[in-house]
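Everything on this sheet refers to the single structure shown next.
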There are 2 protein chains.
Amino acid sequence: MGADKDRDQKRRIDTMEELAVAIGVSRPTLSRYFQDPERVSRTSRERIAQGLERVEYVPNFFATRLNRKSTGIIGVVIPYLNDLFFTKLLEAIERAAMAEGYTVITQCSHSDPLIEARAAETFMSMSVDGALVAPLGNQSDMKAHERLRSRLPCVLVDSRPKSMPNVDFVGSNHVQSTGLATEYLCRVGTPPIFLAMPRVNFNAMERELAYIAKMEELGHEPHIIGTEVLNDDGLFEAHGRAVLDREFAAGRLLESSVLCANDRVAIGALRAAASHGLEPGAKRQGGLRIMGHDDYPLCPFAVPSLTTVAQDVEAIGRASVSRLVKTIQAQKNQDEQIVKLFDGELKVRDSA
Amino acid sequence: MGADKDRDQKRRIDTMEELAVAIGVSRPTLSRYFQDPERVSRTSRERIAQGLERVEYVPNFFATRLNRKSTGIIGVVIPYLNDLFFTKLLEAIERAAMAEGYTVITQCSHSDPLIEARAAETFMSMSVDGALVAPLGNQSDMKAHERLRSRLPCVLVDSRPKSMPNVDFVGSNHVQSTGLATEYLCRVGTPPIFLAMPRVNFNAMERELAYIAKMEELGHEPHIIGTEVLNDDGLFEAHGRAVLDREFAAGRLLESSVLCANDRVAIGALRAAASHGLEPGAKRQGGLRIMGHDDYPLCPFAVPSLTTVAQDVEAIGRASVSRLVKTIQAQKNQDEQIVKLFDGELKVRDSA
DNA sequence: GGTATTACTGAACGCATGTAAAAGGGAGGA
DNA sequence: TCCTCCCTTTTACATGCGTTCAGTAATACC
């Protein structure tokens, strides 16, 4: 009977005040209990625990946050969702933040600077303890970013606008990773040309420059294609396919090494190669090779499987949260800026 | 000068009270202005607007929500992020909700019933106006779902647990879509076998059953493989590859039509086919065919490009928001339950 | 047994805003 | 000029809970 009553319909209680009279302790005692059960005596603790079994009560999120010095919330801004790189990053961030005891509120910019700026406003109005920002890129509203930074601890993730050089940053070492890829391709075949992506973010430029630097270091002539916008849907895959379709149709690059700015571009490139009857791969000495960057989750399942250089997304997520939490707990903004770059790791598969 | 001052450092104001004295109107007038500028006189309106130009002020999110009848927030629960289907759904939902003037708070279950239940708790404690729930599946904590439903308007999206039959639901008509795919494959080649996915959610079962029904309707013997869990990473692609690797290695299914439970499984299947030197496609009459379900964004870029049946994700997102908003505005829960299913659309490409 | 110390509790106040009711103020009509 | 009506503003109270601090009970010590 009692068990049935428990299971079926507990008495619903809306405020801590009601709960206090229902259990027979004072409201402040309950407040302390919810923040940390150790802060009340053992007897009260047990009494409250038993009381909570018999009722249905959820503390009001807004009321609890309103009057606290720390809201326990971390805000995350990401540019868009339809990319498995960002979703992996987000999952890593959420796991790390959860482990540290923070609540994560994510806002997606949907590639729109206005929405990104509004997300910053939202976080300020929520008094989040800190923010992790993967910025849109050149189009970002820098004033909004600055306001956010002036109010609360911020860490940039993945991409770092040149216009905000003295902010904490966690991302990939593109000089190393792109250099590694370039070097690998030079070693196993002809020096690569670089299939760029439209310069929507700063990583795009960084990788281009890293490619050029490594090529010159190795004594080769750099050659870049695909910086122009060819398709309007904004899909990286469609871009890669369009660029290589054009080249292959003109009889160019049929025996080249092609280093793509990222894996999604490379997947489009693979598609174009297949359409033209080409089989990119390490097996054919001197023939067409296609390589990506990032280690997108689908790489092992591409046809042929895509050789790439992996970003350590998990580590980037963890490190960014770790740094942010440290800054938050230090109260004031740390004096020295931190820039943490993770090296890429070669993933040799079939395509190069 | 004045412009410079504006641009550089506006006076920062923390509370509405301060703002009121700074501008010279009463605080409640400001409150009404922020909710709807039309609710104050034109003179006050202009005065406030001018005043806001000169200061930096963000209303406190928690305080504004605390004492309102409606928080203007819609909560969204999705099972995991590393799937472009859900990210597309989420984008559609966010766009639609934004257009309706709602703020969206998304919580990801990370495939964990505990986290899913906690997300429900969070939404209750935030007094969200309503919730859109894409449930985890069989493992979901049904009691948590029920509590959520008893407190606020809910609409299930994408997947509907059998244990909650009388809740509003918006999703795909799998009987129609899977039937369409089955029929198509029967028409252009040999009757398909069905490559299932582990039965993590209810759509998996629905599609299996729809396949069986259509096969029997057409007078063919249904044949299902891949219901067992073969790999531990939980990736659909790896599952599809593992199942077909095994079959092909045993010399089975080399000339069959294979209908995959979803596109990610199919992408793994394509990978397995390539590994065994097979070229699935409509071009070879009577030969191996592979077809998916969903129209995952990468389908056109697969090698060969993947024939599939598209779910209208955009429509599902819009309809779910629309229904939820309607329920919210009707105050009380609507009497009649609504189930809205969208038909799938055939996307014929190269693989089948 | 008495006193000093500690641990815990609860009354009172504060938080930043929403909101209903009362006061104000201006226009229009007599 | 005065009064009424309508709209706006203001006053006052409400929201649900964090937090401080004085008071009290419990414990330790002599």
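In what follows, every chain begins at residue 1, and chains take the letters A, B, ... in the order their sequences are listed.
- Residue pairs meeting the salt bridge (charged side-chain N to carboxylate O under 4.0 Å, His left out) criterion with at least one member in residues 20-33 of chain A, sequence neighbours excluded: E17(A)-R27(A).
- Residue Y57(B) is classed as a sugar-phosphate contact, given heavy-atom separations below 4.0 Å to backbone atoms only.
- Per the geometry, CE belonging to M126(A) stands 17 Å off P belonging to dA16(C), to the nearest Å.
- Using a distance-only test at 3.5 Å, with no hydrogens or angles considered, no donor-acceptor pair links the side chain of S320(A) to the main chain of V170(A).
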Write out a two-atom table: protein N or O, nucleotide N or O from nucleotides 9-12 of chain C, distance below 3.5 Å.
unit_1: dT9(C); atom_1: OP1; unit_2: S41(A); atom_2: OG; d: 2.9
unit_1: dT9(C); atom_1: OP1; unit_2: S44(A); atom_2: OG; d: 2.0
unit_1: dG10(C); atom_1: OP2; unit_2: S26(A); atom_2: N; d: 2.9
unit_1: dG10(C); atom_1: OP2; unit_2: S26(A); atom_2: OG; d: 2.9
unit_1: dG10(C); atom_1: OP2; unit_2: T29(A); atom_2: OG1; d: 3.4
unit_1: dG10(C); atom_1: O6; unit_2: R32(A); atom_2: NH1; d: 3.2

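- Between Y80(B) and F86(B), the ring-plane angle classifies as perpendicular under the 30° and 60° cut-offs.
- In terms of the salt bridge (Lys or Arg N to Asp or Glu O under 4.0 Å) criterion, residue partners of R147(A) (sequence neighbours excluded) are, by chain and number, E121(A), E56(B).
- Taking R12(A) as the reference, D14(A) meet the salt bridge (Lys or Arg N to Asp or Glu O under 4.0 Å) condition, with sequence neighbours excluded.
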Under 3.5 Å, which donor-acceptor pairs do the side chains of residues 101-113 of chain A form with other protein atoms, sequence neighbours left out?
unit_1: S109(A); atom_1: OG; unit_2: I78(A); atom_2: O; d: 3.3
unit_1: H110(A); atom_1: NE2; unit_2: E94(B); atom_2: OE1; d: 2.5
unit_1: D112(A); atom_1: OD1; unit_2: L114(A); atom_2: N; d: 2.8

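- For the ring-ring contact (aromatic ring centres under 6.0 Å, His included) condition, the pairs that include at least one residue of residues 11-42 of chain A, sequence neighbours left out, are F34(A)-Y57(A).
- Across its full length, the helix from dG1(C)-dC30(D) to dA30(C)-dT1(D) shows an angle of 40° between the axes of its 5 terminal pairs at either end, rounded to 10 degrees.
- Side-chain contact between K326(B) and I338(B) is absent, with no heavy atoms from C-beta onward closer than 4.5 Å.
- The structure places CZ of R65(B) at 9.0 Å from OG of S70(B), a figure rounded to the nearest 0.5 Å.
- Between atom CE of residue M98(B) and atom CD1 of residue I74(B) there is a gap of 11.0 Å, rounded to the nearest 0.5 Å.
- Applying the side-chain hydrogen bond (donor to acceptor under 3.5 Å, both in side chains) test to E46(B) and every residue at least two apart in sequence or in another chain returns R42(B).
- Sorted by first then second residue, the side chain to side chain donor-acceptor pair (under 3.5 Å) pairs that include residues 157-167 of chain A, not counting sequence neighbours, are D158(A)-N203(A).
- Annotation: proximity of residues 63-74 of chain B to DNA chain D (heavy atom, distance under 4.0 Å) is found for L66(B), N67(B), numbered in ascending order.
- Applying the side-chain hydrogen bond (donor to acceptor under 3.5 Å, both in side chains) criterion to T15(A), with sequence neighbours excluded, gives no partner residue.
- Between chain A and DNA chain D, the heavy-atom contact criterion of under 4.0 Å yields a 5' to 3' nucleotide range of dG16(D) to dT19(D).
- Phosphate proximity of dT17(C) to Q35(B): absent, as no side-chain N or O sits under 4.0 Å from OP1 or OP2.
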